[in-house]
Number of protein chains: 2
Amino acid sequence: MTYSSAAIKAFSALGDPTRREIFERLALGPTAVGELAANLPITRPAVSQHLRVLKEAQLVTETSKGTRHLYRLDPRGIGAMREWLDGHWARALTAFKDFADAEFEAENKSQKENEK
Amino acid sequence: MTYSSAAIKAFSALGDPTRREIFERLALGPTAVGELAANLPITRPAVSQHLRVLKEAQLVTETSKGTRHLYRLDPRGIGAMREWLDGHWARALTAFKDFADAEFEAENKSQKENEK
DNA sequence: CTGATGAGTAAGTCATGGCTAACGGTTAGT
DNA sequence: ACTAACCGTTAGCCATGACTTACTCATCAG
(Lines give C-alpha, C1' and ligand atoms only; values in the text may rest on other atoms or scores of the structure.)
Protein backbone atom coordinates (compact mmCIF):
# COMPACT_ATOMS: atom_id res chain seq x y z
CA MET A 1 0.00 0.00 0.00
CA THR A 2 2.84 2.39 -0.72
CA TYR A 3 0.81 4.06 -3.46
CA SER A 4 -2.34 4.64 -1.46
CA SER A 5 -1.26 7.92 0.12
CA ALA A 6 -0.25 9.25 -3.28
CA ALA A 7 -3.57 8.10 -4.70
CA ILE A 8 -5.48 9.85 -1.91
CA LYS A 9 -3.83 13.19 -2.64
CA ALA A 10 -4.36 12.70 -6.36
CA PHE A 11 -8.08 12.08 -5.98
CA SER A 12 -8.50 15.11 -3.75
CA ALA A 13 -6.58 17.23 -6.23
CA LEU A 14 -8.58 16.12 -9.27
CA GLY A 15 -11.83 16.54 -7.35
CA ASP A 16 -11.79 20.21 -8.34
CA PRO A 17 -13.18 20.95 -11.84
CA THR A 18 -10.67 23.70 -12.54
CA ARG A 19 -7.76 21.43 -11.69
CA ARG A 20 -9.15 18.74 -13.98
CA GLU A 21 -9.31 21.38 -16.73
CA ILE A 22 -5.69 22.38 -16.12
CA PHE A 23 -4.70 18.72 -16.03
CA GLU A 24 -6.29 18.06 -19.40
CA ARG A 25 -4.63 21.11 -20.93
CA LEU A 26 -1.27 19.83 -19.77
CA ALA A 27 -2.10 16.49 -21.34
CA LEU A 28 -1.86 18.28 -24.70
CA GLY A 29 1.72 19.26 -23.95
CA PRO A 30 3.96 21.20 -21.55
CA THR A 31 2.57 24.68 -20.89
CA ALA A 32 3.66 27.81 -19.01
CA VAL A 33 1.59 29.34 -16.22
CA GLY A 34 0.66 32.51 -18.09
CA GLU A 35 -0.43 30.61 -21.15
CA LEU A 36 -2.72 28.45 -19.01
CA ALA A 37 -4.23 31.49 -17.30
CA ALA A 38 -4.83 33.20 -20.63
CA ASN A 39 -7.15 30.36 -21.68
CA LEU A 40 -8.96 30.08 -18.36
CA PRO A 41 -11.58 32.29 -16.69
CA ILE A 42 -9.39 32.80 -13.62
CA THR A 43 -6.33 34.91 -12.83
CA ARG A 44 -2.72 33.75 -12.99
CA PRO A 45 -2.22 33.50 -9.21
CA ALA A 46 -5.22 31.18 -9.03
CA VAL A 47 -3.60 28.97 -11.65
CA SER A 48 -0.37 28.99 -9.66
CA GLN A 49 -2.18 27.79 -6.56
CA HIS A 50 -3.88 24.99 -8.48
CA LEU A 51 -0.56 23.96 -9.98
CA ARG A 52 0.95 23.77 -6.52
CA VAL A 53 -1.77 21.36 -5.40
CA LEU A 54 -1.33 19.26 -8.53
CA LYS A 55 2.42 19.25 -7.98
CA GLU A 56 2.09 18.08 -4.37
CA ALA A 57 -0.18 15.30 -5.61
CA GLN A 58 2.56 14.25 -8.04
CA LEU A 59 0.21 14.83 -10.95
CA VAL A 60 2.44 17.44 -12.63
CA THR A 61 6.10 18.45 -12.60
CA GLU A 62 7.64 21.87 -13.05
CA THR A 63 10.83 22.93 -14.86
CA SER A 64 12.10 26.49 -15.06
CA LYS A 65 13.17 27.67 -18.49
CA GLY A 66 14.43 31.17 -17.79
CA THR A 67 11.56 33.13 -16.30
CA ARG A 68 9.03 30.76 -17.80
CA HIS A 69 7.92 27.84 -15.63
CA LEU A 70 6.85 24.89 -17.73
CA TYR A 71 4.45 22.33 -16.29
CA ARG A 72 3.90 18.84 -17.67
CA LEU A 73 2.10 15.66 -16.58
CA ASP A 74 3.75 13.47 -13.98
CA PRO A 75 3.10 9.73 -14.49
CA ARG A 76 3.46 8.97 -10.77
CA GLY A 77 0.15 10.45 -9.65
CA ILE A 78 -1.76 8.91 -12.56
CA GLY A 79 -0.14 5.57 -11.86
CA ALA A 80 -1.10 5.68 -8.19
CA MET A 81 -4.73 6.35 -9.09
CA ARG A 82 -4.74 3.54 -11.63
CA GLU A 83 -3.43 1.07 -9.08
CA TRP A 84 -5.98 2.19 -6.52
CA LEU A 85 -8.83 1.78 -9.00
CA ASP A 86 -7.57 -1.56 -10.28
CA GLY A 87 -7.55 -2.79 -6.68
CA HIS A 88 -11.34 -2.41 -6.58
CA TRP A 89 -12.13 -2.99 -10.22
CA ALA A 90 -12.04 -6.78 -10.41
CA ARG A 91 -13.80 -7.20 -7.08
CA ALA A 92 -16.55 -4.77 -7.98
CA LEU A 93 -17.13 -6.42 -11.33
CA THR A 94 -17.41 -9.98 -10.04
CA ALA A 95 -19.45 -8.94 -7.01
CA PHE A 96 -21.83 -7.02 -9.23
CA LYS A 97 -22.10 -9.89 -11.66
CA ASP A 98 -22.90 -12.36 -8.89
CA PHE A 99 -25.51 -9.97 -7.58
CA ALA A 100 -27.08 -9.50 -10.99
CA ASP A 101 -27.19 -13.25 -11.53
CA ALA A 102 -28.83 -13.80 -8.15
CA GLU A 103 -31.43 -11.16 -8.99
CA PHE A 104 -32.14 -12.87 -12.29
CA GLU A 105 -32.55 -16.23 -10.57
CA ALA A 106 -34.90 -14.71 -8.01
CA GLU A 107 -37.02 -13.18 -10.75
CA ASN A 108 -37.20 -16.47 -12.59
CA LYS A 109 -38.24 -18.21 -9.41
CA SER A 110 -41.04 -15.79 -8.59
CA GLN A 111 -42.15 -16.00 -12.19
CA LYS A 112 -42.47 -19.76 -11.88
CA GLU A 113 -44.37 -19.33 -8.65
CA ASN A 114 -46.87 -17.15 -10.45
CA GLU A 115 -47.25 -19.65 -13.26
CA LYS A 116 -48.31 -22.41 -10.91
CA MET B 1 -16.06 10.17 -25.08
CA THR B 2 -19.28 8.76 -23.74
CA TYR B 3 -17.61 7.96 -20.45
CA SER B 4 -16.13 11.39 -19.80
CA SER B 5 -19.19 12.90 -18.13
CA ALA B 6 -19.48 9.87 -15.86
CA ALA B 7 -15.78 10.10 -15.07
CA ILE B 8 -16.12 13.80 -14.18
CA LYS B 9 -18.86 13.10 -11.66
CA ALA B 10 -16.92 10.15 -10.26
CA PHE B 11 -13.78 12.23 -9.67
CA SER B 12 -15.76 14.98 -7.98
CA ALA B 13 -17.49 12.41 -5.78
CA LEU B 14 -14.30 10.63 -4.71
CA GLY B 15 -12.60 13.96 -4.11
CA ASP B 16 -14.12 13.97 -0.62
CA PRO B 17 -12.21 11.92 2.00
CA THR B 18 -15.35 10.71 3.75
CA ARG B 19 -16.80 9.43 0.49
CA ARG B 20 -13.56 7.59 -0.27
CA GLU B 21 -13.84 6.00 3.18
CA ILE B 22 -17.42 4.92 2.51
CA PHE B 23 -16.42 3.65 -0.91
CA GLU B 24 -13.67 1.48 0.56
CA ARG B 25 -16.02 0.09 3.20
CA LEU B 26 -18.44 -0.91 0.47
CA ALA B 27 -15.56 -2.59 -1.33
CA LEU B 28 -15.53 -5.09 1.54
CA GLY B 29 -19.12 -6.03 0.80
CA PRO B 30 -22.69 -4.68 0.60
CA THR B 31 -23.56 -2.65 3.69
CA ALA B 32 -26.63 -0.91 5.11
CA VAL B 33 -26.70 2.80 5.87
CA GLY B 34 -26.95 2.44 9.65
CA GLU B 35 -24.05 0.01 9.76
CA LEU B 36 -21.88 2.44 7.82
CA ALA B 37 -22.78 5.33 10.10
CA ALA B 38 -22.05 3.26 13.21
CA ASN B 39 -18.43 2.88 12.10
CA LEU B 40 -17.95 6.48 11.04
CA PRO B 41 -17.53 9.71 13.02
CA ILE B 42 -20.55 11.28 11.34
CA THR B 43 -24.31 10.92 11.72
CA ARG B 44 -26.53 8.72 9.59
CA PRO B 45 -28.06 11.56 7.55
CA ALA B 46 -24.58 12.64 6.56
CA VAL B 47 -23.88 9.12 5.32
CA SER B 48 -27.13 9.17 3.37
CA GLN B 49 -26.13 12.38 1.63
CA HIS B 50 -22.74 10.99 0.69
CA LEU B 51 -24.36 7.83 -0.62
CA ARG B 52 -26.67 9.91 -2.79
CA VAL B 53 -23.67 11.65 -4.37
CA LEU B 54 -21.90 8.33 -4.89
CA LYS B 55 -25.06 6.92 -6.43
CA GLU B 56 -25.42 9.82 -8.86
CA ALA B 57 -21.81 9.28 -9.86
CA GLN B 58 -22.62 5.63 -10.61
CA LEU B 59 -20.06 4.52 -8.05
CA VAL B 60 -22.59 2.62 -5.91
CA THR B 61 -26.02 1.06 -6.36
CA GLU B 62 -28.82 0.72 -3.85
CA THR B 63 -31.27 -2.13 -3.25
CA SER B 64 -34.00 -2.10 -0.65
CA LYS B 65 -34.32 -5.22 1.48
CA GLY B 66 -37.28 -4.42 3.64
CA THR B 67 -36.49 -1.29 5.59
CA ARG B 68 -32.77 -1.87 5.16
CA HIS B 69 -31.16 -0.18 2.17
CA LEU B 70 -28.11 -2.09 1.00
CA TYR B 71 -25.42 -0.29 -0.94
CA ARG B 72 -22.76 -1.97 -3.05
CA LEU B 73 -20.09 -0.91 -5.54
CA ASP B 74 -21.17 -0.10 -9.08
CA PRO B 75 -18.58 -1.04 -11.71
CA ARG B 76 -19.75 1.69 -14.10
CA GLY B 77 -18.23 4.64 -12.21
CA ILE B 78 -14.96 2.84 -11.58
CA GLY B 79 -14.80 1.82 -15.22
CA ALA B 80 -15.35 5.38 -16.40
CA MET B 81 -12.51 6.62 -14.22
CA ARG B 82 -10.18 3.88 -15.45
CA GLU B 83 -10.88 4.76 -19.07
CA TRP B 84 -10.30 8.45 -18.38
CA LEU B 85 -6.99 7.76 -16.69
CA ASP B 86 -5.87 5.29 -19.35
CA GLY B 87 -6.51 7.99 -21.94
CA HIS B 88 -3.72 10.05 -20.38
CA TRP B 89 -1.56 7.28 -19.00
CA ALA B 90 0.35 6.22 -22.11
CA ARG B 91 0.84 9.78 -23.32
CA ALA B 92 2.10 10.98 -19.95
CA LEU B 93 4.51 8.09 -19.65
CA THR B 94 6.11 8.48 -23.08
CA ALA B 95 6.19 12.26 -22.85
CA PHE B 96 7.83 12.07 -19.47
CA LYS B 97 10.33 9.49 -20.68
CA ASP B 98 11.29 11.64 -23.66
CA PHE B 99 11.69 14.60 -21.37
CA ALA B 100 13.85 12.65 -18.92
CA ASP B 101 16.03 11.37 -21.76
CA ALA B 102 16.49 14.88 -23.12
CA GLU B 103 17.49 16.08 -19.66
CA PHE B 104 19.99 13.26 -19.40
CA GLU B 105 21.46 14.12 -22.81
CA ALA B 106 21.78 17.76 -21.83
CA GLU B 107 23.59 16.84 -18.65
CA ASN B 108 25.94 14.57 -20.51
CA LYS B 109 26.66 17.32 -22.97
CA SER B 110 27.50 19.93 -20.35
CA GLN B 111 29.60 17.34 -18.59
CA LYS B 112 31.67 16.83 -21.74
CA GLU B 113 31.99 20.58 -22.10
CA ASN B 114 33.51 20.77 -18.66
CA GLU B 115 35.94 17.94 -19.41
CA LYS B 116 37.43 19.77 -22.38
C1' DC C 1 22.10 49.17 -13.76
C1' DT C 2 17.50 49.86 -14.93
C1' DG C 3 13.13 48.44 -16.70
C1' DA C 4 10.24 44.74 -18.15
C1' DT C 5 8.46 40.09 -18.11
C1' DG C 6 6.98 35.84 -15.82
C1' DA C 7 5.79 33.68 -11.74
C1' DG C 8 5.13 32.59 -6.60
C1' DT C 9 3.37 34.47 -2.02
C1' DA C 10 0.23 36.80 1.43
C1' DA C 11 -3.91 38.59 3.06
C1' DG C 12 -8.59 39.00 2.76
C1' DT C 13 -13.30 38.09 0.79
C1' DC C 14 -16.85 35.07 -0.39
C1' DA C 15 -19.24 31.01 -1.96
C1' DT C 16 -19.49 26.02 -2.02
C1' DG C 17 -20.60 22.04 0.45
C1' DG C 18 -20.31 19.02 4.59
C1' DC C 19 -22.51 18.41 8.99
C1' DT C 20 -26.30 18.25 12.48
C1' DA C 21 -31.00 18.55 14.29
C1' DA C 22 -35.69 17.95 13.31
C1' DC C 23 -39.13 16.01 10.56
C1' DG C 24 -41.61 12.78 7.36
C1' DG C 25 -42.11 8.26 4.98
C1' DT C 26 -42.03 2.90 4.71
C1' DT C 27 -41.83 -1.59 6.32
C1' DA C 28 -41.84 -5.35 9.87
C1' DG C 29 -43.55 -7.10 14.12
C1' DT C 30 -47.02 -7.57 17.80
C1' DA D 1 -53.82 -0.54 14.38
C1' DC D 2 -49.84 0.69 16.97
C1' DT D 3 -45.16 0.72 17.76
C1' DA D 4 -40.49 0.40 16.63
C1' DA D 5 -36.78 0.19 13.33
C1' DC D 6 -34.53 1.96 9.29
C1' DC D 7 -33.85 5.38 6.12
C1' DG D 8 -34.35 9.82 3.18
C1' DT D 9 -35.08 14.92 3.18
C1' DT D 10 -34.97 19.64 4.67
C1' DA D 11 -33.23 23.86 6.81
C1' DG D 12 -29.68 26.09 8.71
C1' DC D 13 -25.04 26.69 10.61
C1' DC D 14 -20.25 26.77 9.87
C1' DA D 15 -15.70 25.59 8.12
C1' DT D 16 -12.94 24.70 4.15
C1' DG D 17 -10.96 26.35 0.07
C1' DA D 18 -11.20 28.91 -4.35
C1' DC D 19 -10.52 33.45 -6.02
C1' DT D 20 -8.67 38.31 -6.40
C1' DT D 21 -5.67 42.20 -5.33
C1' DA D 22 -1.33 43.74 -3.97
C1' DC D 23 3.30 42.74 -3.16
C1' DT D 24 7.86 40.51 -3.75
C1' DC D 25 11.32 37.72 -6.13
C1' DA D 26 13.99 36.07 -10.12
C1' DT D 27 15.51 36.45 -14.84
C1' DC D 28 16.43 38.60 -19.32
C1' DA D 29 17.01 42.69 -22.56
C1' DG D 30 18.63 47.25 -23.23
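Just so you know, these numbers come straight off a predicted model, no measurement behind them. Lettering of chains follows the sequences in order, A, B, ..., and the numbering in each one begins at 1.
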_Contact check, side chains of A/L36 and A/L26, non-hydrogen atoms, under 4.5 Å_ = yes

*Minimum-distance nucleotide (side-chain atoms of A/R68 versus D/dC7, C/dG6, D/dT9)*: C/dG6

*Write down the distance between CD1 (A/I22) and P (D/dA18), rounded to a whole number of angstrom.*
11 Å

*Phosphate OP1/OP2 of D/dG8: any B/Y71 side-chain N/O under 4.0 Å*: yes

*Is the shortest side-chain N/O distance from A/H69 to OP1 or OP2 of C/dG8 below 4.0 Å?*
yes

*Other residues, nucleotides, ligands: >12 heavy atoms within 6.0 Å of A/R72 CZ*: yes

*B/K55 has an atom NZ; how far is it from atom C1' of D/dT9, in whole Å?*
14 Å

_Rounded interatomic separation in angstrom, taking CG from B/L70 and C1' from D/dC7_ = 12 Å

*Backbone N or O of A/A37 within a donor-acceptor pair of the A/R44 side chain at under 3.5 Å?*
no

*Considering residues at least two apart in sequence or located in another chain, which fulfil the side-chain hydrogen bond (donor to acceptor under 3.5 Å, both in side chains) criterion with A/R76?*
A/D74

*Round to the nearest Å and state the distance from A/R20 atom CZ to D/dA18 atom P.*
12 Å

_Between C1' on D/dC7 and CG on B/L40, what's the gap in Å once rounded to a whole number?_
16 Å

*Note, B/L73 side chain near A/R91 side chain (heavy atom, < 4.5 Å)*: no

*Would you give a per-nucleotide map of nucleotides 15-30 of chain C, 5' to 3', where B means the base has a protein non-hydrogen atom under 4.0 Å away, S means only the sugar-phosphate does, and - means neither?*
---SBBBB----BS--

_In this structure, how many angstroms lie between the C1' atom of C/dA7 and the CZ atom of A/R52, rounded?_
13 Å

*Could you list the residues that satisfy side-chain hydrogen bond (donor to acceptor under 3.5 Å, both in side chains) with A/R25, not counting sequence neighbours?*
A/E21

